[in-house]
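By convention here, the first residue in the shown sequence is residue 1.
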Amino acid sequence: MNEQQYEKLLNINTAGFQYGFPKLVEYHRYEPTPYEGLDQLFENFKLPCNGQFVDIGCGKGRVPIYIHHHFHMPTVGIEMDPKFFREAENNRQQYMGKAEKRQIPIDFQHLIAEKYEVAPQDNVFFFFNPFSVHILRQVMSNILYSAEQHPRQLHFILYYPSSDYMAYFEDELEMNLVCEVKLLHEKNVNERIVVFEW
């Protein structure tokens, strides 16, 4: 299924790129996650049966809506840009108007990732290089503190991970790499998806 077909199926509009640069220098600009890459990931990695999926830097809401549609799992999207947040909310309303399992929530929050209050049920976190590794450390500190307070298994999905992100997860946190998907039709070594487990 191509991008246009997926958008029609989900009744959303998440295409396009961010022009210009974010207002905060350590945050990276928006680029939607390709549906083809998500399909390849979930052919190789099984989401946990319970818990909640959190997309850090969700843009217009594509990934949380995709997860809700395919896995009927509660999802949260964190977005600091007010324009993208409004578009994510609009996409949620459009999608939920036709969605199955409407009682399962999709929640978008307008804030910077460091301010997100990690919920005890949050157990899968998705990153598509939304910010510098400096910000990543702050966000991960909040997530791992939550895991200390409410022990649970966590999964971290990194889409197109930078070398800084990989070094942080592998060397500093010493997490287990449980899945690596080399994306079809891509040549750059970073054009892959990896999943770490805590």
Side-chain angles (χ1 to χ4, degrees), residues 1-22 27-48 51-113 116 122 124-131 155-162 179 181-188 190-195:
M1 193 178 299
N2 64 31
E3 297 273 306
Q4 293 79 16
Q5 290 168 326
Y6 250 123
E7 296 276 272
K8 185 175 180 181
L9 171 69
L10 300 175
N11 199 33
I12 62 176
N13 181 12
T14 60
F17 294 80
Q18 180 176 354
Y19 294 99
F21 293 92
Y27 280 76
H28 302 157
R29 63 184 185 176
Y30 170 72
E31 179 180 342
T33 306
Y35 289 110
E36 181 181 20
L38 293 171
D39 287 343
Q40 289 178 56
L41 168 63
F42 294 112
E43 288 169 6
N44 294 277
F45 172 68
K46 185 176 180 181
L47 284 169
Q52 185 159 265
F53 182 100
V54 182
D55 182 359
I56 308 288
C58 70
K60 301 177 184 180
R62 175 181 289 191
V63 174
I65 290 170
Y66 173 100
I67 295 296
H68 187 278
H69 173 76
H70 282 287
F71 304 104
H72 301 142
M73 183 178 190
T75 62
V76 176
I78 309 303
E79 180 52 51
M80 72 170 195
D81 184 279
K83 180 176 183 292
F84 290 149
F85 171 74
R86 287 192 299 272
E87 291 189 51
E89 280 285 274
N90 184 61
N91 282 321
R92 181 182 65 80
Q93 291 173 7
Q94 291 292 112
Y95 164 73
M96 290 298 270
K98 294 185 175 180
E100 296 179 17
K101 307 282 185 178
R102 292 181 204 175
Q103 73 278 14
I104 299 173
I106 300 175
D107 178 35
F108 292 115
Q109 298 188 23
H110 179 217
L111 71 169
I112 59 173
Y116 174 62
D122 293 343
V124 182
F125 297 86
F126 183 88
F127 298 87
F128 184 177
N129 291 322
F131 33 62
H155 287 96
F156 299 91
I157 301 171
L158 309 183
Y159 199 101
Y160 286 17
S162 67
C179 181
V181 177
K182 294 183 179 175
L183 298 170
L184 299 175
H185 317 300
E186 304 289 2
K187 297 175 183 176
N188 186 310
N190 289 335
E191 292 173 342
R192 58 184 170 151
I193 309 170
V194 298
V195 183

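Partners of Lys83 under the side chain to side chain donor-acceptor pair (under 3.5 Å) rule, at least two apart in sequence or in another chain, are Glu87. For the ring-ring contact (aromatic ring centres under 6.0 Å, His included) test, residues two or more places apart in sequence or in another chain that qualify with Phe125 are Phe156. Residues satisfying the side chain to side chain donor-acceptor pair (under 3.5 Å) test with Gln94, not counting sequence neighbours, are none. For Gln5, the side-chain contact (heavy atoms from CB on, under 4.5 Å) partners are Met1, Asn2, not counting sequence neighbours. Listed by chain and residue number, Phe85 satisfy the ring-ring contact (aromatic ring centres under 6.0 Å, His included) test with His110 (two or more places apart in sequence, or in another chain). In this structure, the side chain to side chain donor-acceptor pair (under 3.5 Å) partners of Tyr6, at least two apart in sequence or on a different chain, are Asp39, His70. With sequence neighbours left out, Asn11 forms a side chain to side chain donor-acceptor pair (under 3.5 Å) with no residue at all. For Lys101, the side-chain contact (heavy atoms from CB on, under 4.5 Å) partners are His72, Gln103, Ile104, not counting sequence neighbours. Evaluation of the side-chain contact (heavy atoms from CB on, under 4.5 Å) rule for Pro105 yields Pro74 as partners, not counting sequence neighbours. The ring-ring contact (aromatic ring centres under 6.0 Å, His included) search around His69 returns none, not counting sequence neighbours.
How far CG of Leu183 is from CD1 of Ile193: 4.5 Å, rounded to the nearest 0.5 Å. Rounding to the nearest 0.5 Å gives a distance of 10.5 Å between OG1 of Thr75 and CG of Asp122. Tyr95 contributes atom OH, which lies 6.5 Å from atom CG of Leu10 (distance to the nearest 0.5 angstrom). Here the CG-CE distance, from Leu111 to Met80, works out to 11.0 Å after rounding to the nearest 0.5 Å.
Proximity of a side-chain donor or acceptor of Glu79 to a complementary backbone N or O of Gly59 within less than 3.5 Å is detected. No donor-acceptor pair closer than 3.5 Å links the side chain of Arg92 to the backbone N or O of Ile65. Judged by distance alone, with hydrogens and angles left aside, the side-chain atoms of Asn44 form no donor-acceptor pair with the main-chain N or O of Cys179 at under 3.5 Å. Put simply, the side chain of Glu3 gets close to the backbone of Tyr35: a donor and an acceptor are under 3.5 Å apart. The backbone N or O of Ala15 sits less than 3.5 Å from a side-chain atom of Lys60, completing a donor-acceptor pair.
Phe126 places none of its side-chain heavy atoms less than 4.5 Å from the side chain of Ile67.
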Please walk me through it: do Val63 and Phe128 pass side-chain contact (heavy atoms from CB on, under 4.5 Å)?
CA-CA 10 Å; Val63 174; Phe128 184 177; over 6 Å; no
The test is ring pair (Phe, Tyr, Trp, His ring centres under 6.0 Å); show your working for Phe71 and Phe53 and say whether it passes.
CA-CA 10 Å; Phe71 304 104; Phe53 182 100; 8.6 Å; no
Evaluate Phe45 against Val181 for side-chain contact (heavy atoms from CB on, under 4.5 Å), listing each step before the verdict.
CA-CA 9 Å; Phe45 172 68; Val181 177; over 6 Å; no
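Between Thr14 and Glu7, the closest heavy-atom pair is N-OE1, 2.5 Å. Nearest heavy-atom pair, Ala113 versus Phe131, reported as atom, atom and distance to 0.1 Å: CB-CE2, 3.6 Å. In this structure, Asn13 and Asn91 approach most closely via the heavy-atom pair N-OD1, 2.8 Å. The shortest non-hydrogen separation linking Gly37 to Tyr159 is CA-OH, 3.4 Å. The nearest pair of heavy atoms linking Asp55 to Pro64 is OD2-CD, 3.4 Å. When all heavy atoms of His68 and Met96 are compared, the closest pair comes out as CE1-SD, 4.1 Å.
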